[in-house]
Engineer: 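Sending over a structure as structure tokens; questions will come in a sec.
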Amino acid sequence: MKTPLAQPVVRPSDETPAIPLQMAPKRRGKPPRHFADLTPEERVASVVEAGEPAFRATQLATHYFTHYTSDPAKMTDLPAKSRDALATTMFPELMRPTRKLEADGGTTVKTLWHLFDEAKVESVLMRYPQRTTLCVSSQAGCGMACPFCATGQLGLTRNLSTAEILEQVRAAFRSLAEGEIPGGVTRLNNLVFMGMGEPLANYKAVIETVRTLVAPQPEGFGMSARNITVSTVGLVPAMQKLTKEGIPVTLALSLHAPDDDLRSELVPINTRWSVDETLDTARNYFEVTGRRVSIEYALIKDMNDHAWRADLLGEKLNARGRGWVHVNPIPLNPTPGSIWTASDRDVEDEFVARLRGHGIPTTIRDTRGSDIDGACGQLAAEEDDE
Ligand code: SAH
């Protein structure tokens, strides 16, 4: 396939050095073990070990997964002495919300969390007329070094534990159940692993989280797998593993360029797994799970928004069959200090029209929360001096 000459290497600003790819975390300290880290069998074993009858495991799970409480003081159907014992062994405090920012009349809420070791992560809750979505973090920082992404500039601090991810979810369910978000009491329907971190680089904790999200109440949150989206830069071996899990979550692939030259700039892991390998793996995910894959494509002015790139993307997707994929272009949310900006509206329209011309379902993703730095790729927990 003929493509124009590769562009010169462009970084978000001249002062911005290339960030190294980082597969292993800087910190290895583990958060305390929490009830939400455990499988249903492990919960029983743990309460028995704490000297409690086995049925307490179901009582605790009911409190946690259907009343969204992790405070044993509020579990008034338990004897007082059991509450005290279980509080320390099963429900250590894992994280504190230190700041909440609201936008869209309070229907978008970003929460900044401080973890036990003062690592910081963020989650964003977005209520729409027909659904409510939570965007969770799976790592503190990220090692994937994508130059246009705010989290990518931080490097990886550490992986989150299963319970640290599930606590973000519980807090969202609770806030919705208590009517804190305008529009009345509601439930969380959608969850996207599009906050800080590369979920497939923290595979074990993420897959355990997914299992608990989809387990029926009271064993888990009873969410539907198809309403859970795991977004990845394209870690091919982990994508292959996810394909075999038998849990039909939606897979989103952050492609951002259809050609290796540019993609290796924008998504450095592309130097390890090429566009073609990554797309083949995504196509196989559809083949095995029946779930249509989402291709994420941040439109960056004069970088990756050319009509020929839309055509090349359309051709590469169609070369792998029809009906297996849709594309989500996202106008770039510029990160501080970056010279990159979002594509012009007419360029964006042309990009979308070209893809649709190839028969590819294409929808522009909204950038809710951009005014509170709560939109795609803007999450970069600040070092504050409180
Ligand atoms: N590491 C995962 C998930 C986190 S980012 C991944 O890369 O897929 C979620 C989505 O936001 C990804 O598609 C990512 O490429 C995109 N994104 C990152 N920075 C962005 C920015 N500044 N503007 C628009 N989208 C961005």
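Indexing begins at 1, ligand by ligand and atom by atom, following the structure's order.
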Engineer: Which of the atoms in ligand 1, numbered in the order shown and given with their element, are less than 4.0 Å from a heavy-atom of Phe193?
Structural biologist: 3 (C)
Engineer: Among Gly197, Pro147, Ala150, Ala252, which one has a heavy atom closest to atom 3 (C) of ligand 1?
Structural biologist: Gly197
Engineer: For ligand 1, which atoms have a heavy atom of Leu332 less than 4.0 angstrom away?
Structural biologist: 21 (C), 22 (N), 23 (N)
Engineer: Which of the numbered atoms in ligand 1 are under 4.0 angstrom from any heavy atom belonging to Cys149?
Structural biologist: 18 (C), 19 (N)
Engineer: Would you kindly confirm whether Phe116 and Leu156 end up in one hydrophobic cluster when ILVMFWY residues are joined by side chain heavy atoms under 4.5 Å apart?
Structural biologist: no
Engineer: Of the listed options (Ser137, Ser254, Ala298), which comes nearest to atom 13 (O) of ligand 1 when hydrogens are ignored and any heavy atom counts?
Structural biologist: Ser254
Engineer: Report yes if some N/O of His256 lies less than 3.5 Å from some N/O of ligand 1; otherwise report no.
Structural biologist: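 Yes.
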Engineer: With a heavy-atom distance limit of 4.0 Å, tell me whether Glu198 approaches ligand 1 through its side chain, its backbone, both, or neither.
Structural biologist: both
Engineer: Within ligand 1, which atoms have a heavy atom of Glu296 less than 4.0 Å away?
Structural biologist: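 Ligand 1 atoms under the 4.0 Å threshold to Glu296: 13 (O).
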Engineer: For ligand 1, which part of Met196 has a heavy atom less than 4.0 Å away: the side chain, the backbone, both, or neither?
Structural biologist: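 Neither part.
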Engineer: Under a 4.0 Å threshold between the charged nitrogen and the carboxylate oxygen, would Arg320 count as salt-bridged to Asp276?
Structural biologist: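 Yes, Asp276 and Arg320 are salt-bridged.
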Engineer: Side chains of Ser274 and Glu277 only: does a donor on one sit below 3.5 Å from an acceptor on the other?
Structural biologist: yes
Engineer: Using a 4.5 Å cut-off on heavy atoms from C-beta on, say whether the side chain of Val293 contacts that of Arg283.
Structural biologist: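 Not in contact.
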Engineer: Counting only heavy atoms closer than 4.0 Å, does ligand 1 sit against the backbone of Thr232, its side chain, both, or neither?
Structural biologist: backbone
Engineer: Would you mind running through ligand 1 and noting each atom that sits below 4.0 Å from a heavy atom of Met194?
Structural biologist: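 Within the 4.0 Å cut-off of Met194, ligand 1 contributes 4 (C), 5 (S), 9 (C).
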Engineer: Under a 4.0 Å threshold between the charged nitrogen and the carboxylate oxygen, would Arg127 count as salt-bridged to Asp104?
Structural biologist: no
Engineer: May I ask you to check if ligand 1 and Phe148 share an N or O to N or O distance below 3.5 Å?
Structural biologist: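 So ligand 1 has an N or O lying under 3.5 Å from an N or O of Phe148.
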Engineer: One thing to verify: whether Glu167 and Arg174 come together as a salt bridge, which I'm taking to mean a side-chain N less than 4.0 angstrom from a carboxylate O.
Structural biologist: no
Engineer: Please list, in number order, the atoms of ligand 1 under 4.0 Å from a heavy atom of Gly195.
Structural biologist: 4 (C)
Engineer: Identify every side-chain donor-acceptor pair in residues 211-223 under 3.5 Å, counting partners at least two apart or on other chains, and give the distances.
Structural biologist:
| residue | atom | partner | partner atom | Å |
| --- | --- | --- | --- | --- |
| Arg211 | NH2 | Glu245 | OE1 | 2.8 |
| Thr212 | OG1 | Glu208 | O | 3.3 |
| Gln217 | NE2 | Phe65 | O | 2.8 |

Engineer: Any salt bridge linking Asp305 with Lys301? Criterion: basic side-chain nitrogen under 4.0 Å from a carboxylate oxygen.
Structural biologist: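 Salt bridge absent between Asp305 and Lys301.
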Engineer: Listing request: all side chain to side chain donor-acceptor pair (under 3.5 Å) pairs with a residue in residues 231-243, at least two apart in sequence or in separate chains.
Structural biologist: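 As it turns out, the side chain to side chain donor-acceptor pair (under 3.5 Å) pairs with a partner in residues 231-243, which skip direct neighbours, are Glu198-Thr232.
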